[in-house]
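As the structure is a computational prediction, the values presented were derived from the model and not from experiment.
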Amino acid sequence: MSGTLYVVGTPIGNLSDFSPRAVETLRTVDFIAAEDTRVTLKLLNHFEIKKSLVSYHEHNKQSRGEEIIRRILAGENAAIVSDAGMPCISDPGEDLVRMAAAAGVRTEVVPGPSAVISALCVSGLVTSRFAFEGFLSTSKKSRRDHLNAVKDDTHTLIFYEAPHKLLSTLTDMRDAFGAERRISLARELTKIHEEVRRTTLGEAVEFYTENPPKGEFVLVIEGAEPPAPPEMTLEEAVDMARQLVEEGMRPTDAAKQVSAQTPFRKSEIYTALISEE
Ligand code: SAM
């Protein structure tokens, strides 16, 4: 019988965030596919887990992925972990899970922290609608194209960025989204120097020009202002009132109701309505 692929989240800084279920899962699987086996070995040593590790990363994901799926199909249980956070989120794992799905391999998730959700939750910005945009490309043109493609999105936008590229990324964002757009920069979450800086893109560029950024960052950016609703004309308001009259309402009541829903006075709606008769 085929085994299971467990997608296991690991801490993004604080080892106490590693769940008992994650520890249990890593103890019981037959092997662990890890992004960097040295990083995962430290985690395993901390939790006194002894397990065989298989390296699985960007550069060997095709051949190693096929090997892992073959082993699971032959009956072994495996876990996939990345260096920090949830596998598959700007980390290896996405292709392995896709391969597993295509091969009919059972998958199970053991959820853990992820920087994107953690940063969003402390951003103080709108959390009900958001999009994760990952890392911007290193190519200047692709970065600008990406930013221009999302600049009018009204939901919250979330990006990952490395500290040495933060300032140029913030500068590109300020140029694309405007200096007044609000941003929350979540730094070193769950670690000793955890910090959340809520500011604007213009001020963030100034701040990090003076104070070179250190540590890991998530950028949470407020969405664009939604476009103003098109202004309603008196003719459209009278149409609404006429509709109500056709449904049996008295003209004076229809004019009153439409007036309450539109910028027009009851008297002007009523006069226009009556003059049609
Ligand atoms: N898979 C991970 C997850 O679920 O969050 C993300 C891995 S991605 C390669 C690494 C990026 O995540 C960093 O460049 C940074 O943007 C963000 N990140 C990871 N840990 C973080 C932390 N403790 N504080 C802030 N950002 C973090």
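Side-chain atoms of T190 and N14 include no donor-acceptor pair closer than 3.5 Å. A donor and an acceptor atom, one from each side chain of K165 and T138, are nowhere located under 3.5 Å apart. For the 3.5 Å distance criterion, the side chains of T200 and R182 fail to qualify, holding no donor opposite an acceptor.
Identified under the salt bridge (charged side-chain N to carboxylate O under 4.0 Å, His left out) test for residues 126-136, with sequence neighbours left out: none. Screening residues 42-58 for salt bridge (charged side-chain N to carboxylate O under 4.0 Å, His left out), with sequence neighbours left out, gives E58-K61. The salt bridge (charged side-chain N to carboxylate O under 4.0 Å, His left out) analysis of residues 207-220, with sequence neighbours excluded, yields the pairs K191-E216. Residue pairs satisfying the salt bridge (charged side-chain N to carboxylate O under 4.0 Å, His left out) criterion with at least one member in residues 12-29, sequence neighbours excluded, are listed as follows: R21-E108.
With rounding to the nearest 0.5 Å, the separation of CG in L26 from CG in L43 is 7.0 Å. A distance of 8.5 Å separates CG in D36 from NE2 in H57, rounded to the nearest 0.5 Å. In this structure, the separation between CD1 on I32 and CG on N77 is 12.0 Å, given to the nearest 0.5 Å.
Under the ring-ring contact (aromatic ring centres under 6.0 Å, His included) criterion, F47 pairs with F18, not counting sequence neighbours. Taking Y160 as the reference, F132, F135 meet the ring-ring contact (aromatic ring centres under 6.0 Å, His included) condition, with sequence neighbours excluded. Among residues two or more places apart in sequence or in another chain, the side chain to side chain contact (heavy atoms under 4.5 Å, CB included) test is passed with D172 by K140, R143, R144, L147. Residues that satisfy the ring-ring contact (aromatic ring centres under 6.0 Å, His included) test with F177, not counting sequence neighbours, are absent from this structure. Listed by chain and number, the residues in a ring-ring contact (aromatic ring centres under 6.0 Å, His included) with Y208 are F217 (sequence neighbours excluded). In terms of the salt bridge (charged side-chain N to carboxylate O under 4.0 Å, His left out) criterion, residue partners of E94 (sequence neighbours excluded) are, by chain and number, R98. Legend: residues meeting salt bridge (charged side-chain N to carboxylate O under 4.0 Å, His left out) with R71, ordered by chain and number and at least two apart, are E76.
A donor-acceptor pair is defined here as one N or O able to donate and one able to accept, closer than 3.5 Å; no such pair exists between the side chain of T40 and the backbone of T37. Between the side chain of N60 and the backbone N or O of S55 there is at least one donor-acceptor pair closer than 3.5 Å.
Grouped by direct or indirect side-chain proximity (heavy atoms under 4.5 Å, Ile/Leu/Val/Met/Phe/Trp/Tyr only), V126 sits alone.
In this structure, E67 pairs ionically with R64, as a charged nitrogen and a carboxylate oxygen lie closer than 4.0 Å. Ion pairing between K256 and D253 fails under the 4.0 Å rule for side-chain N and carboxylate O.
More than 12 non-hydrogen atoms from other residues, nucleotides or ligands lie less than 6.0 angstrom from CD of Q261.
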Walk me through whether S184 and R198 qualify under side-chain hydrogen bond (donor to acceptor under 3.5 Å, both in side chains).
CA-CA 4 Å; S184 168; R198 303 184 184 95; 4.6 Å; no
